[in-house]
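Report on the structure given below.
For this chain, numbers begin at 1 and follow the sequence in order.
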Amino acid sequence: MSAGKLTFWGAAGQVTGSMHLLEACGARVLLDAGLFQGRRAETASLNANLPFDPRRIDAIVVSHAHIDHIGRLPLLVRQGYHGPIYATPATRDLCAVMLPDAAHVQESDAAFLARHGKKSPESEPLYNLADAIAVQDLIIGLPYHRVHYVRKNLAFEYTEAGHILGSASIEMRITEGGNHRLVFSGDIGRTGLPIIRDPEPPTGPIDTLIVESTYGDRDHESTATSADRLMEIVNRVAGRGGKILIPAFALGRVQELVYGLHQLVLANKVPAINIYVDSPLAVDATAVFRMHPEVFDRREQLLMTSDRVFDFPLLRYVKAVEDSKKLNTLNGPAIIIAASGMAESGRILHHLANHIADSRNCILFVGFQAENTLGRRLLDGAKQVKIFGEPHDVRAEIQSISGYSAHADRTELRAWVKALGGPVKRAFVVHGEAAPAAAMAQILKEEGVRDIVIPQLGESFEL
Ligand SMILES: [Zn+2]
């Protein structure tokens with residue numbers, strides 16, 4: 001007898017739009033409700049047209065607060081979803097920051113398209129601020145390892161995924177007419193990240209595994225190597241009087257970088273230069289970090305040795321636009337961290353326009369740069385780029401450190417699978433482009449999983 005049915009409505013054959021529908025015990029439960037990100041031409045209709053009636057969903061369980069995992073929650077609520085949304089307490093509080101920002105992006109993108117005469121049904125904002133706030137009313141914070149029953153025979157609990165603050169893997173038990181254990185990895189983090197705890201894979205036999213594969217085909221630099229390289233770059237660029245511009249995602253990467261820079265300052269390994277975090281969203285996300293020391297790694301140690309983990313004299317948080325503009329007139333060396341992480345939008349663009357032609361400066365990438373982004377063009381060695389439609393010569397030094405990624409690399413994904421311990425009957429590989437997903441399937445095969453599927457968007461499977 002089938003324990004239920006699973007349908008993949010996102011992050012199937014790609015990395016964004018995470019959303020999987022589980023039908024079991026008479027309930028319809030969504031795992032994640034993420035936004036598709038990337039080129040508008042390819043994502044607009046995927047995002048706008050939900051493949052089911054949200055009023056017929058009974059519960060939503062989200063893994064973590066990245067927009068590609070929660071960004072369609074306001075849309076579901078706008079279209080009539082009114083059931084519970086489960087999240088860890090830190091994820092709940094990050095949603096309160098991330099979703100209003102996503103609504104703001106929706107509205108300003110729509111306004112931009114309208115100004116440029118590109119108004120169409122698909123250029124309408126998916127949702128607004130009121131929808132984003134309405135989500136918050138439905139979220140129920142559930143700590144790690146607290147078993148919760150969605151139905152009499154359908155329970156789940158969260159375990160640490162080690163990816164960003166509050167991130168979780170989801171372990172579900174379907175006990176109607178048998179015993180079926182389903183594990184959804186969420187996004188798996190790295191071991192040894194300073195603030196976030198290490199991943200803690202659920203152990204024991206698994207009937208159905210849904211596992212991410214973002215970096216299934218490559219390894220990152222170690223966190224120690226990354227700190228050494230950061231130190232070397234800061235010293236070298238500051239020594240010649242230059243500025244370091246770091247495009248970074250507001251949630252996760254910024255806080256890890258700030259922590260890493262603070263450690264280097266405390267150890268006198270870098271000169272005392274000012275560090276500016278120029279991102280209102282990063283400022284708000286950092287406030288949520290301060291609220292949740294209970295999920296920090298080695299939390300007592302972290303709080304005792306640096307009670308001001310995210311505040312130190314050289315660090316300035318910049319929120320107001322006028323203050324951001326003032327950074328253009330700074331003299332001498334400084335570090336400026338700003339979103340977006342792929343240099344496609346946000347305040348980093350102004351800083352790049354102002355600093356990219358000066359060979360004393362350095363642009364330092366710390367995250368994944370997708371194809372067709374300004375970040376990727378710079379990394380690929382472009383000599384001239386367009387920013388706000390204007391050509392700029394690239395004379396600044398371009399550097400990249402991979403060790404600040406929040407995603408497990410190939411070796412860490414294998415370690416996570418090994419740590420599951422028990423046999424895995426069937427595995428679905430999600431959240432990866434074709435090559436990494438195939439590499440992840442190979443890892444699973446080598447670890448003894450016989451039945452491995454890389455599902456397509458919209459494909460359904462009986463459990
Ligand atoms: Zn994520």
Side-chain angles (χ1 to χ4, degrees), residues 2-24 27-38 42-43 45-47 49-52 57 59-64 66 68-72 76 154 156 161 163 168-172 174 180-188 201-202 206-217 407-408 410 413-414 416-417 420 423-463:
S2 164
K5 189 173 152 191
L6 195 56
T7 309
F8 296 89
W9 286 122
Q14 70 218 95
V15 289
T16 64
S18 181
M19 188 161 80
H20 315 305
L21 176 63
L22 172 69
E23 294 165 83
R28 294 158 65 83
V29 179
L30 271 190
L31 302 173
D32 283 347
L35 197 69
F36 289 98
Q37 294 170 305
E42 284 144 36
T43 59
S45 76
L46 276 175
N47 280 324
N49 302 308
L50 289 170
F52 45 74
I57 300 293
I60 304 175
V61 184
V62 298
S63 63
H64 66 287
H66 274 149
D68 63 323
H69 295 257
I70 59 165
R72 274 190 285 177
L76 283 153
L154 180 61
F156 78 94
H163 170 58
S169 299
I170 300 162
E171 183 187 345
M172 302 201 88
I174 306 162
H180 191 100
R181 191 160 166 265
L182 179 149
V183 168
F184 172 38
S185 69
D187 285 2
I188 301 167
I206 294 174
D207 299 286
T208 302
L209 173 68
I210 307 169
V211 65
E212 70 117 328
S213 59
T214 318
Y215 284 105
D217 61 345
H407 278 278
R410 172 172 52 191
L413 284 171
R414 184 188 293 277
W416 191 89
V417 171
L420 294 171
V424 176
K425 274 200 193 134
R426 182 153 60 158
F428 295 96
V429 179
V430 297
H431 206 283
E433 289 167 6
M440 187 65 198
Q442 184 59 29
I443 289 173
L444 288 161
K445 197 172 160 203
E446 286 162 16
E447 296 305 324
V449 186
R450 295 252 175 77
D451 189 355
I452 303 161
V453 183
I454 303 175
Q456 300 296 306
L457 188 69
E459 244 188 312
S460 283
F461 299 86
E462 291 294 330
L463 300 180

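Remark: the backbone N or O of A435 is not paired with any side-chain donor or acceptor of E433 at under 3.5 angstrom. Side chain of D68 to main chain of G17: no donor-acceptor pair is present (N/O by atom type, distance under 3.5 Å, no hydrogens or angles). Looking at T208, its side chain never comes within 3.5 Å of a backbone N or O of L182 through a donor-acceptor pair.
Summarising the geometry of M19 relative to P51, their closest heavy-atom pair is CE-CD, 4.3 Å, with the distance given to 0.1 Å. For S18 against A11, the heavy-atom pair with the smallest separation is CA-CB, 3.6 Å. Counting all heavy atoms, side chain and backbone alike, A408 lies closest to Y215 at O-CB, 3.5 Å. In this structure, A161 and S169 approach most closely via the heavy-atom pair CB-N, 3.7 Å. Scanning all heavy atoms of the two residues, the minimum distance from T214 to P436 falls at O-CB, 3.6 Å. Of all heavy-atom pairs between A33 and L76, the closest is CB-CD1, 3.5 Å.
Taking CG of L31 as the reference point, atom CD1 of I60 lies at 10.5 Å (rounded to 0.5 Å). One finds the CD1 atom of I452 at 11.5 Å from the CZ atom of F428 (value rounded to the nearest 0.5 Å). Atoms OG1 and CD, on T43 and Q14 in that order, are 9.5 Å from each other to the nearest 0.5 Å. In this structure, NE2 on H407 lies 9.5 Å from CG on L413, to the nearest 0.5 angstrom. Between the CZ atom in F36 and the CZ atom in R72 there is a gap of 4.5 Å [rounded to 0.5 Å]. The CG atom of L30 lies 5.5 Å from the CG atom of L21; values are rounded to the nearest 0.5 Å.
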Show your working on side chain to side chain contact (heavy atoms under 4.5 Å, CB included) between H431 and T16 and close with a plain yes or no. CA-CA 7 Å; H431 206 283; T16 64; over 6 Å; no

Between L444 and L209, does a side chain to side chain contact (heavy atoms under 4.5 Å, CB included) hold up when you go through it step by step? CA-CA 11 Å; L444 288 161; L209 173 68; 4.2 Å; yes

Under the side chain to side chain donor-acceptor pair (under 3.5 Å) criterion, do H66 and D187 qualify, and how do the steps go? CA-CA 10 Å; H66 274 149; D187 285 2; 4.6 Å; no

Run the side chain to side chain contact (heavy atoms under 4.5 Å, CB included) check on K425 and I206 step by step: do they pass? CA-CA 6 Å; K425 274 200 193 134; I206 294 174; over 6 Å; no

Applying side chain to side chain contact (heavy atoms under 4.5 Å, CB included) to I57 and V29, what does each step give before you reach the verdict? CA-CA 6 Å; I57 300 293; V29 179; over 6 Å; no

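Ion pairing of R181 with D207 is absent here, as no side-chain N (NZ or NE/NH1/NH2) approaches a carboxylate O to less than 4.0 Å.
V183 places none of its side-chain heavy atoms less than 4.5 Å from the side chain of I170.
Contacts of F184 classified as ring pair (Phe, Tyr, Trp, His ring centres under 6.0 Å), with partners at least two apart in sequence or in another chain: H20.
With no hydrogens or angles considered, a side-chain donor-acceptor pair links S63 and D32 at under 3.5 Å. For the residue pair H69/H163, the side-chain donor-acceptor check at 3.5 Å is not satisfied.
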Give the table of side-chain donor-acceptor pairs shorter than 3.5 Å for residues 454-463, with sequence neighbours excluded, one pair per line with atom names and distance.
residue, atom, partner, partner atom, Å
E459, OE1, Q456, N, 2.7
S460, OG, T7, OG1, 2.7
E462, OE1, S2, OG, 2.8

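The only option from I188, I443, L420 that meets the side chain to side chain contact (heavy atoms under 4.5 Å, CB included) definition with V211 turns out to be I188.
Note on residues 436-453: pairs passing salt bridge (Lys or Arg N to Asp or Glu O under 4.0 Å), not counting sequence neighbours, are R414-E446, R414-E447, K418-E447, R426-D451.
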